[in-house]
Amino acid sequence: MTTTVRVPEERSARVPAEQRGPGRDRDSVRLLVSCGTEVSHHAFVELPRRLRAGDLLIVNTSPTLAAAVDGRIGHARVVVHFSTRGDDGRWAVELRDPDGRGTTRARGGGPAGAEVRLAGDVRLVLEEPLTRYGSRLWWGRVSDPDVLGLLRRHGRPIRYSYTQRDQPLSAYQTVFALPSADGGGSAEMPSAARPFTARLVAELVSRGVQFAPITLHTGVASAEAHEPPYPERYEVPEASARLINAARAGEGRVLAVGTTAVRAVESAVDAGGVVRARKGWTDLVVTPERGVRVVDGLLTGLHEPEASHLLMLEAIAGRAAIERSYGEALSGLYLWHEFGDVHLILPEEGPHTERCFSNCR
């Protein structure tokens, strides 16, 4: 646990911002801005005025999949969350129990050999736990290799119990989402980018803010688990690597939109601090001890106190700054989770200062 705060249940955002009243849009959320331990409160539509010409936003283009599918083990109903496709054709999956309210609750994984019957007479056979550290996620083999087709026909977005009702898949796509060449995507939305609208992006561009797209397909996080992220597939294109290196060489600040963007770009930096075009799998976990080498700041959602993502935030801003900003978010009645408010962490020093545990306490 990285902070001492507790988030009351009523601080969960239960529906998207555009459904909370007439005249609202995705950008009708609040923006907490922190620079060191200095904190200020804004509307998200003010973001262009918080940035400056030459700043660079790294954005994740991964689309969100309809990754939840109903199934049965014997006579028992289950919901399968398809997380990540492996290189050998297997899928990392999480089995959940329906809770009778349209959402699910956690259940134990396995055992090896368990068979889940899915729609269209498709079978999923569990083979082994994803890691030796826990049994929540398992590698499973599906009888029909076209799993992405199965998700398109029978899947729905993953939904957790703090949300009020089902939403269409479009509610979980960001303005930056692009179809992947292989049809893949994220099990859960890269949600830090959700408040962006085409109008806001156009305003940012008109003010001289640049965008560097990367892709990282996020796996299942499961709100109850608070585990470190598992290996995920990512790509940093050549053009984006050049943009990032140019911004770092100039006067602009490199700001990641979401922890997924941090994980991708920090996985693509070489020993000399230069970002390279790379793709593949990353198992990087950004901690205060490891620090960050590329990003100067971060736009992110509000995370639970137990979430491993907070270690990344501490690596960027320091523990004191995160403690202060989360205290302000709680007292200011900000909303948490994927439909909630967002937090902009700006560098206290000049751009490109490498941060580590020893110099950001």
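All residue numbers in this chain count up from 1 along the given sequence.
- A distance of 6.0 Å separates OG of S325 from CG of L32, quoted to the nearest 0.5 Å.
- Under the 3.5 Å distance criterion, the side-chain polar atoms of R11 are matched with a main-chain donor or acceptor of L333.
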Any chance you could lay out the side-chain contact (heavy atoms from CB on, under 4.5 Å) test for F176 and V201, step after step, and finish with the verdict? CA-CA 10 Å; F176 303 111; V201 170; 3.9 Å; yes
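- Under the 4.5 Å side-chain contact rule for hydrophobic residues, M189 and L65 do not share a cluster.
- Contact check for R123 versus R117: side-chain heavy atoms found under the 4.5 Å cut-off.
- Linking ILVMFWY residues whenever their side-chain heavy atoms come closer than 4.5 Å, directly or via other members, places I345 and L56 in the same cluster.
- Under the 3.5 Å distance criterion, the side-chain polar atoms of D296 are matched with a main-chain donor or acceptor of V254.
- With respect to the salt-bridge test (charged N to carboxylate O, under 4.0 angstrom), the residues R156 and D70 qualify.
- For the pair A177 and S62, the tightest heavy-atom approach, listed with the atom from each and the gap, is CB-O, 4.1 Å.
- Aromatic ring orientation, W91 versus F82: perpendicular (interplanar angle above 60°, classes split at 30° and 60°).
- Rounded to the nearest 0.5 angstrom, R290 CZ and L311 CG are separated by 13.0 Å.
- Here the CG atom belonging to L216 is positioned 5.0 Å from the CD atom belonging to E232, to the nearest 0.5 angstrom.
- At a threshold of 4.5 Å between side-chain heavy atoms, the hydrophobic network of Ile, Leu, Val, Met, Phe, Trp and Tyr places V147 and V125 in two separate groups.
- Under 4.0 Å is where a charged nitrogen must lie from a carboxylate oxygen, and between R293 and D270 no such pair does.
- Hydrophobic clustering keeps L31 apart from V45 (ILVMFWY residues linked when any side-chain heavy atoms are closer than 4.5 Å, directly or through intermediates).
- The minimum heavy-atom distance between S161 and R101, with the atom names listed, is CB-NH2, 4.3 Å.
- Two residues are said to be in side-chain contact when any heavy atoms from C-beta on lie closer than 4.5 Å; I58 and V236 fail this criterion.
- Using a 4.5 Å heavy-atom threshold, the side chains of R199 and D25 count as touching.
- With hydrogens and angles ignored, the 3.5 Å screen pairs a side-chain donor or acceptor of R248 with a backbone N or O of G273.
- Closest approach of P157 to L169, counting heavy atoms only: CG-CA, 3.7 Å.
- Between S180 and H217 the shortest side-chain heavy-atom distance falls below 4.5 Å.
- The residues E338 and R159 are annotated as not salt-bridged, no charged nitrogen and carboxylate oxygen being separated by less than 4.0 angstrom.
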Determine whether Q210 and L243 satisfy the following criterion, side-chain contact (heavy atoms from CB on, under 4.5 Å), listing intermediate values before the conclusion. CA-CA 8 Å; Q210 300 183 84; L243 281 170; 3.5 Å; yes
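- Minimum interatomic distance between A315 and V286 (heavy atoms only, all atoms of both residues): CB-CG1, 3.9 Å.
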Pair S83, E94 - check side-chain contact (heavy atoms from CB on, under 4.5 Å), show working. CA-CA 7 Å; S83 179; E94 179 191 24; over 6 Å; no
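- Remark: the backbone N or O of R253 is paired with a side-chain donor or acceptor of D55 at under 3.5 angstrom.
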Residue pair L95, L126: steps toward the side-chain contact (heavy atoms from CB on, under 4.5 Å) verdict: CA-CA 10 Å; L95 268 57; L126 302 182; 4.1 Å; yes
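- Side-chain atoms of V257 and F211, non-hydrogen and from C-beta on, never get closer than 4.5 Å to each other.
- Annotation: side chain of Y230 is not in contact with side chain of V220 (no heavy-atom distance under 4.5 Å).
- With hydrogens and angles left out, the side-chain atoms of N60 and T260 include a donor and acceptor closer than 3.5 Å.
- Without hydrogens or angle criteria, R14 side chain to Y162 main chain gives a donor-acceptor distance under 3.5 Å.
- In this structure, S186 contributes its side chain and T218 its backbone to a donor-acceptor pair below 3.5 Å.
- For the side-chain hydrogen bond (donor to acceptor under 3.5 Å, both in side chains) criterion with R233, the lone passing option out of T215, D87, T84, T282 is D87.
- Considering every non-hydrogen atom in both R26 and T174, the closest pair reads NH1-CA, 4.0 Å.
- Checked by atom type and distance alone, the side chain of R20 pairs as donor or acceptor with a backbone atom of V15 at under 3.5 Å.
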After noting the C-alpha distance and the side-chain angles of H81 and E188, does the key distance pass the side chain to side chain donor-acceptor pair (under 3.5 Å) rule? CA-CA 10 Å; H81 288 177; E188 297 182 1; 5.6 Å; no
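- Across all non-hydrogen atoms, the minimal contact from P213 to T61 is CB-CG2, 3.6 Å.
- At distances below 3.5 Å, at least one donor-acceptor pair connects side-chain atoms of R263 with backbone N or O atoms of L284.
- In the model, Q19 has no side-chain atom that pairs as donor or acceptor with a side-chain atom of Q164 under 3.5 Å.
- Within the 4.5 Å cutoff, no side-chain heavy atoms of E18 are placed close to those of S28.
- Rounding to the nearest 0.5 angstrom, the gap separating the CG atom in L255 from the OG1 atom in T300 is 12.5 Å.
- In this structure, E266 contributes its side chain and V294 its backbone to a donor-acceptor pair below 3.5 Å.
- Put simply, V39 and I316 are part of the same group of oily side chains (I, L, V, M, F, W, Y) that touch within less than 4.5 Å, one to the next.
- Ring geometry, W336 versus Y326: the interplanar angle exceeds 60°, so the pair is classed perpendicular (tilted spans 30 to 60°).
- Of the inter-residue distances, the one linking I73 atom CD1 with H75 atom NE2 reads 13.0 Å to the nearest 0.5 angstrom.
- Counting heavy atoms from C-beta on, the side chains of I322 and H303 never come closer than 4.5 Å.
- The distance from atom OG1 of T259 to atom CG of L313, rounded to the nearest 0.5 Å, is 8.0 Å.
- More than 12 heavy-atom neighbours from other residues, nucleotides or ligands sit within 6.0 angstrom of CZ on R107.
- For the pair E127 (side chain) and W138 (backbone), a donor-acceptor distance under 3.5 Å is absent.
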